[in-house]
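Below: the structure, in structure tokens.
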Amino acid sequence: MRYVVGVGDMKAGQKGDIIVTHALGSCLGLMLYDPVMKIGGMLHAMLPLSKINMEKAQANPFMFVDTGVPELFKAIYNMGGLKGRLIVKAAGCGSPLGNNEMFKIGERNHTVLKKLLWKNSILLKSEDVAGSKSRTVHFNISTGQVIISSNGVETEL
Amino acid sequence: MKNKSRVDILSKVDSFPSMPGAAVKMLSLLDNPDTTVTQIEGILRYEPGLTANILKLTNSAYFGLPSKVGSVKHAVVLLGWRRLVQLVMASCVSAIMNKSVPGYDLPPGGLWRHSIAVSVASEGLMKELGLPSDDEVFTAALLHDLGKLVLGSSIKDDIRAIEITASEGVPFEVAEYMVLGTDHAEVGAKILESWSFPPKIVNAVRWHHEPDSAEESDVMLDIVHVANVLCLMMGIGIGREGLRYEPSRLATKRLGLHTAHLEIVASRTMQWVNELTEVFGAK
Ligand SMILES: [Fe+2]
Ligand SMILES: [Fe+2]
């Protein structure tokens with residue numbers, strides 16, 4: 001199956017599946033992979049903290065980093081993933097030009113992610129974050145390979 | 001070369017499709033405080049397809065009307081005729097804008113979805129900031145990137161030069177100007193001028209990336225400027241240029257904007273964008 005993860009959305013899959021998300025701007029794309037079970041999931045979260053709109057967070061926890069990340073881990077654990085085996089990769093969290101602090105939502109998304117992972121003693125394997133480009137992510141669940149494409153240039157994460 | 005590009009591009013403005021007749025007639029009503037329901041009905045009587053679209057839009061949850069609207073007259077009563085005129089305009093330009101845009105790497109429907117998003121975010125920001133509602137904001141936001149339709153092919157031809165310029169940290173519209181001698185905001189404003197749009201809308205489109213360069217500061221302009229960056233950050237209509245635009249500090253100061261305003265509006269925008277793109281029939 002080929003799954004497309006929209007903004008404020010999460011998809012998990014197994015061997016044979018491809019999970020894609022398009023156009024990460026300041027949003028966070030987070031990929032989890034268990035190489036033994038060959039299962040994985042991807043989150044596309046828009047905003048750092050759910051307290052800004054609790055009602056939305058209840059309806060859709062994937063919109064926010066602080067509620068979406070735990071949900072992604074839960075989904076993978078429910079499918080048989082083991083914490084010690086998980087490979088965690090992040091992408092996105094971009095910002096527009098200049099130093100207008102209030103537009104640094106991408107940076108704050110990244111900070112909230114780092115804090116969450118740190119609290120749970122989970123390490124990021126790799127990341128392609130910050131800057132001002134748009135990123136599309138292809139996640140192959142058969143191999144665990146994550147490809148980031150931006151303006152026609154593809155790189156493996 | 002730069003000036004030749006400019007001349008070539010601006011000549012394309014002249015051959016750009018003209019605005020549909022019904023929208024032109026509606027637009028002329030905007031300046032007239034004595035516009036009546038009968039006049040609006042008179043224009044729409046000969047446009048059954050358009051009327052159906054308008055009623056569909058009017059009934060979408062975004063406009064939050066308490067009862068189902070079945071006639072133009074009823075729509076005017078509940079929405080106000082100014083709002084209705086904006087919807088007519090939106091329906092008319094959707095056909096022009098609902099296509100792919102080469103150069104900026106926007107897929108079919110990408111620009112249209114972005115346009116709707118900036119309209120929804122603009123109105124959301126106005127509401128969140130407690131500003132008096134202004135129906136024209138919806139139209140200005142909807143049309144802010146119209147110039148991309150003309151500039152796209154030139155961007156494609158000169159993308160290397162533009163990206164080299166932009167890679168030095170220059171905002172994308174400045175890179176467009178440096179390489180092509182014009183930018184999509186100026187081109188968009190020229191099209192709207194030729195369509196005889198109200199100067200306030202033309203102004204908001206012209207300076208949507210550089211609100212501090214406008215002759216006078218304007219709330220509608222500042223709002224569209226901020227909403228545009230916010231929607232790109234959310235990835236709606238983000239293309240080749242990514243986030244390479246600079247939000248103006250003066251504009252956010254003028255508006256009294258804070259992070260919380262941006263985030264709350266962002267959290268509400270996506271749902272309405274999905275709702276409205278569906279009603280408009282966009283992909
Ligand atoms: Fe623009
Ligand atoms: Fe835009």
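What you see below is based on every heavy atom in this structure, not just the backbone, and it leaves out hydrogens, waters and symmetry mates. Just so we're on the same page: letters track the sequence lines, and every chain starts at 1.
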**Report entry** Proximity breakdown for A:R135 and chain B, heavy-atom pairs closer than 4.5 Å
**Finding:**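 Nothing of A:R135, per the 4.5 Å heavy-atom cut-off to chain B.
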Requested in this report: Go through the atoms of A:L47 and report whether side chain, backbone, both or neither lie under 4.5 Å from a heavy atom of chain B.
Outcome: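 For A:L47, the contact with chain B is made by the side chain alone.
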Report task. State, to 0.1 Å, how close A:M46 and B:S267 come at their nearest heavy-atom pair, and which atoms those are. Result ->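 Looks like CE-CA, 4.1 Å.
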**Report entry** Exercise: identify the closest heavy-atom pair between A:G144 and A:F139
**Finding:**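 Where A:G144 meets A:F139 most closely, the heavy atoms are O-CE1, 3.8 Å.
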Atom group of [X] that falls short of 4.5 Å from chain A, counting heavy atoms:
X	value
B:H258	backbone
B:V265	neither
B:M270	side chain
B:I264	both
B:E241	backbone
B:I159	neither

Report task. Among B:E123, B:Q271, B:E275, find the residue that satisfies the side chain to side chain donor-acceptor pair (under 3.5 Å) test when tested with B:Y62. Result ->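 With B:Y62 as partner, side chain to side chain donor-acceptor pair (under 3.5 Å) holds for just one option, B:E123.
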Report task. Describe, in one word, how the ring planes of B:H209 and B:Y245 are oriented to each other, choosing from parallel (under 30°), tilted (30 to 60°) and perpendicular (over 60°). Result ->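 Rings of B:H209 and B:Y245: parallel, as their planes differ by under 30°.
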**Report entry** Greatest number of heavy atom pairs closer than 4.5 Å to chain B - which of A:G8, A:S150, A:P48
**Finding:**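 Answer, by heavy-atom pair count under 4.5 Å with chain B: A:P48.
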Requested in this report: Specify which of A:K133, A:E55, A:K56 makes the most heavy-atom pairs with chain B at under 4.5 Å.
Outcome: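 The residue among A:K133, A:E55, A:K56 with the greatest pair count is A:K56.
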**Report entry** Distance-only donor-acceptor check, side chains B:Y177 and B:E210, under 3.5 Å
**Finding:**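 No, B:E210 and B:Y177 have no side-chain donor paired with an acceptor closer than 3.5 Å.
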Query raised in the report: With distance as the sole criterion, is a donor-acceptor pair present between the side chains of B:S167 and B:E163 under 3.5 Å?
Result: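 Side-chain D/A pair, B:S167 to B:E163: absent.
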Query raised in the report: Is the cationic atom of A:K11 (NZ for Lys, CZ for Arg) positioned less than 6.0 Å from the six-membered ring centroid of A:Y3 and within 45 degrees of its normal?
Result: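 Cation-pi check for A:K11 and A:Y3: fails.
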Query raised in the report: How many angstroms lie between atom CG of B:L221 and atom CZ of B:R206, to the nearest 0.5 angstrom?
Result: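 It comes to 11.0 Å.
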Query raised in the report: Would you say B:K12 has more than 12 foreign heavy atoms packed within less than 6.0 Å of its NZ?
Result: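 For B:K12, atom NZ is crowded (more than 12 foreign heavy atoms under 6.0 Å).
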Requested in this report: Answer yes or no: does atom CD of A:E156 have more than 12 heavy-atom neighbours from other residues, nucleotides or ligands under 6.0 Å?
Outcome: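 Check passes, neighbour count above 12.
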**Report entry** Ring centers of B:H144, B:H114 separated by less than 6.0 Å
**Finding:**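 Distance test on ring centres: under 6.0 Å, yes.
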Query raised in the report: So which residues of residues 72-86 of chain A are in contact with chain B at a heavy-atom cut-off of under 4.5 Å?
Result: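 Answer by number: none.
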Query raised in the report: Which members of residues 91-103 of chain A, sorted by number, sit under 4.5 angstrom from chain B on a heavy-atom basis?
Result: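 Residues of residues 91-103 of chain A touching chain B at under 4.5 Å: A:G94, A:S95, A:P96, A:L97, A:G98, A:N99, A:N100, A:M102, A:F103.
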